[in-house]
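All values below come from the heavy atoms of this structure, side chains included, with hydrogens, waters and symmetry mates left out. Just so it is clear, the structure is predicted and the values come from calculations on it, not from any experiment.
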Amino acid sequence: MRSALMSRLTASAALLLLPLTAHPVWAQGDAAALTGTVSSVAEGKMEGVVVTAHKPGSIVQVSVTTDAQGRYSFPQNRLEPGEYELTIRAVGYDIAAPAKAGVEADRTGTADIKLEKTKNLAGQLTNAEWMMSVPGTPDQKAQLLNCVGCHTLERIARSTHDADEWTKVVSRMMGYGAVSQPVKPQPMLDRSRAGTPEQYRKFADYLATINLSSTDHWAYELKTLPRPAGRDTRAVVTEYDMGRPTTEPHDILVDKDGKIWYSDFGEMFIGKFDPKTLKLVEYPVKTFKENAPKGLLSIEFDRKGKIWFDTMYQGSLGCLDPKTGQFTYYPLAPEFNDDRVQLNFTGLHYEVDGKVWTKSVGTQDIFRVDLKTQKWEKFHPSSELPGVKDAGIYQVMADSHNNLWMAEFTEGHLGKIDAKTKKITWYAMPTEHARARRMEIDDHDRIVVTEYRGNKVALFDPKTEKFTEVPLPAYTYPYRANIDKNGEVWASTMSTDRVVRVNPKTGQAEQYLMPSDTNMRTVAIDNRTNPVTFWVGSNHDHRLVRVEPLD
């Protein structure tokens, strides 16, 4: 049952199952544009080193990974002629000297690269590797997962705050909007969400044990994940720089023409990018509350091809017609639209009853708006979830009957509001403390939901009311998962900088290491290509990322 279910998942919800066209990344026997070996004195020829080629002045950089013989090869159709700077990513190593290479048409260039042991291992660790390294109980470490949305865990480990100082720092951080980043902190209007310093005392005490508040060196070993090996090395990664350092490509959509749409988590824009022409068009989104945090989170196609989005702290839903570039806005009713509002996500089967769903983080209220009358209804389903203190709903999404499904993030439940009867039903996730996060719903109303703390993807069939889980590699902490035309699971992670691909029939997993700190959020699968293409936003590096497996 599971393989049949997954082979059809996301068929209509993602709106990406288009007529398939062959688009090989690199056919067997094709010549390489640039090749060479990567080696070090310590290891000799090195497998699993990410090599990146970038032409100065270009917004594009392309990366490949060395094989078991330490050899990297760039497909000829991925590097145009010119001079390229070469950089690497291999935890524990730095490039010994600046590397450059020339690429000529119809010729294979060669450039061998030498690495040396790094003197700054801490600066190379991913969030997952910090989680591996720091001491603490699972519950203590789980609190760190709340920090990685805005910055890396290295900032915590390198800090010198003692416990008293940490209480104030954590309270200040909790008062920033989720759209904040170190270069652009954005305080929320609702100052009560910051809490009081003393309520974070327990967490502050823990943070002071893993940083440099009482010593000049860490009292624990810095641990690293293994470098990619075998099939983990077989992918081409292309990154496209979106320009502004404050741009954060969050949710990603691929339209029928192969253009990439994204919500900007750090600015009030929706972006459209053409990877063929490299043209970027930004659609400015209206600001409703000038002093509130600015940035968008969710974007989704409706059945007419229009793009719906939330404006988070600005208190309105929006709809963009890609054909005309025109916006329509649906501000939350004034009686609900106070400083606590943070609208996230939309439920988009309004063809059923003319109504659209959303939710507010600040109050954990669910809202539904009638598009004709613009009359709003309010629900508070977490009050019907006994035994969960401070239950928090993460994503909401509508099924084909416009019933609303809810992913509960504090502990891990899946909830439903019946569109007609308004009855609320909750289902506990199979894994304890799973923390349900992002969802997909297929054309049979079956649900894919990530278990953020549980390191799994759960599949829920409403007819049987049964869950099936797909385990992911340790420390994945998946944000969102999609299932491709072959039934394989693809997951993004804010922790390992590795795109995860799992065959649920065999349990085989590939993890494609990215060239930089990507902090991935929503994934998009382009099923037109063979193999399929994976798109994701580099939320902390203002880039769009395309991952093309070689098999």
Side-chain angles (χ1 to χ4, degrees), residues 1-20 251-256 298-308 345-352 356-357 394-408 413-419 425 427 429-430 434 436-451 456-470 472 478-492 500-505 522-529 532-536:
M1 182 195 77
R2 184 171 70 182
S3 61
L5 171 128
M6 289 189 297
S7 67
R8 294 189 295 272
L9 279 169
T10 71
S12 65
L15 298 177
L16 294 177
L17 291 187
L18 306 172
L20 305 181
D251 276 26
I252 304 293
L253 300 174
V254 183
D255 70 18
K256 61 182 178 61
S298 172
I299 54 171
E300 294 284 350
F301 285 126
D302 67 15
R303 292 201 167 195
K304 297 179 180 180
K306 294 183 179 181
I307 294 175
W308 286 76
F345 308 109
T346 49
L348 289 181
H349 276 283
Y350 59 87
E351 74 279 2
V352 174
V356 170
W357 297 89
Y394 201 84
Q395 186 174 11
V396 298
M397 183 172 278
D399 65 20
S400 63
H401 303 287
N402 211 19
N403 303 312
L404 189 72
W405 289 87
M406 304 166 287
E408 189 273 311
H413 294 79
L414 192 62
K416 175 187 175 183
I417 303 178
D418 188 286
T425 308
Y427 305 90
M429 306 293 289
R437 199 155 197 178
R438 294 294 293 263
M439 297 183 290
E440 287 288 342
I441 302 180
D442 80 344
D443 56 342
H444 297 284
D445 290 336
R446 292 168 298 204
I447 299 163
V448 182
V449 58
T450 51
E451 297 180 282
K456 296 174 183 175
V457 174
L459 315 173
F460 182 75
D461 188 338
K463 292 182 180 179
T464 64
E465 298 186 334
K466 300 293 185 183
F467 287 93
T468 303
E469 292 184 312
V470 178
L472 300 178
Y479 181 85
R480 187 170 181 169
N482 283 14
I483 299 178
D484 69 18
K485 64 187 179 185
N486 303 311
E488 292 193 305
V489 177
W490 293 78
S492 61
V500 179
R501 174 190 185 188
V502 178
N503 183 331
K505 297 178 182 178
T522 294
V523 307
I525 302 296
D526 190 345
N527 280 297
R528 301 173 306 165
T529 63
V532 299
T533 302
F534 173 101
W535 284 90
V536 73

Measure the CD-CG distance between Glu451 and Leu414 for me, rounded to the nearest 0.5 Å. 10.5 Å
Report the distance from atom CG of Asp251 to atom CD1 of Ile307, rounding to the nearest 0.5 Å. 11.0 Å
State, to 0.1 Å, how close Val254 and Ala524 come at their nearest heavy-atom pair, and which atoms those are. CG2-CB, 3.9 Å
Would you mind checking if Arg528 and Asp526 are paired as a salt bridge, meaning a charged N to carboxylate O distance below 4.0 Å? yes
NZ (Lys466) and CZ (Phe460) are apart, to the nearest 0.5 Å, by 9.5 Å
Pairwise side-chain contact, Ile447 with Met397, heavy-atom cut-off 4.5 Å (strictly under): no
Closest heavy-atom pair, Ala481 versus Val523, reported as atoms and distance to 0.1 Å, is C-CG2, 4.4 Å
Apply side-chain contact (heavy atoms from CB on, under 4.5 Å) to residues Val448 and Ile483 and explain how you reach the verdict. CA-CA 9 Å; Val448 182; Ile483 299 178; 3.8 Å; yes
Atom pair CZ/CH2 of Phe534 and Trp490 - distance to nearest 0.5 Å: 7.0 Å
Please report the interatomic distance OG(Ser298) to CD(Gln395), rounded to the nearest 0.5 Å. 6.5 Å
Could you walk me through whether Tyr427 and Glu465 satisfy the side chain to side chain donor-acceptor pair (under 3.5 Å) test, starting with their C-alpha distance in whole Å, then the side-chain angles of each, then the deciding distance to 0.1 Å, before giving a yes or no? CA-CA 8 Å; Tyr427 305 90; Glu465 298 186 334; 2.9 Å; yes
Determine whether Val396 and Trp405 make a side-chain contact, defined as any pair of heavy atoms from C-beta on separated by less than 4.5 Å. no
Kindly indicate, with the supporting measurements, whether the criterion side-chain contact (heavy atoms from CB on, under 4.5 Å) is fulfilled by Trp308 and Ile299. CA-CA 5 Å; Trp308 286 76; Ile299 54 171; over 6 Å; no
Side chains of Tyr350 and Val352, heavy atoms from C-beta outward: is any pair under 4.5 Å? no
Provide the closest heavy-atom pair for Pro430 versus Phe467 in the form atom of the first, atom of the second, distance. CG-CB, 3.4 Å
Lys416/Asp445 ion pair, N-O < 4.0 Å: no
Derivation and outcome, side-chain contact (heavy atoms from CB on, under 4.5 Å), residues Arg480 and Arg437: CA-CA 7 Å; Arg480 187 170 181 169; Arg437 199 155 197 178; over 6 Å; no
Do the side chains of Ile417 and Asn403 get nearer than 4.5 Å, heavy atoms only? no
Leu459 side chain near Arg446 side chain, heavy-atom distance below 4.5 Å: no
Does any non-hydrogen side-chain atom of Thr533 lie less than 4.5 Å from one of Ile525? no
For the residue pair Ala398 and Leu404, what are the closest heavy atoms and their distance? N-CD1, 4.3 Å
State, yes or no, whether a side-chain contact exists between Thr522 and Arg438 at a heavy-atom distance under 4.5 Å. yes
Looking only at atom types and distance, does a side-chain atom of Asp302 sit under 3.5 Å from a main-chain N or O of Lys304, one as donor and one as acceptor? yes
First locate atom CG of Asn482, then atom OG1 of Thr450, and finally report the distance between them rounded to the nearest 0.5 Å. 10.5 Å
What pair of heavy atoms forms the shortest contact from Met429 to Ala434, and how long is it? CB-CB, 4.0 Å
Does the gap between the ring centers of Phe345 and Trp357 come in under 6.0 Å? no
May I ask you to test the Lys485-Val532 pair for a side-chain heavy-atom distance under 4.5 Å? yes
Candidate pair Val502 and Val470, rule side-chain contact (heavy atoms from CB on, under 4.5 Å), full reasoning: CA-CA 8 Å; Val502 178; Val470 178; 4.0 Å; yes
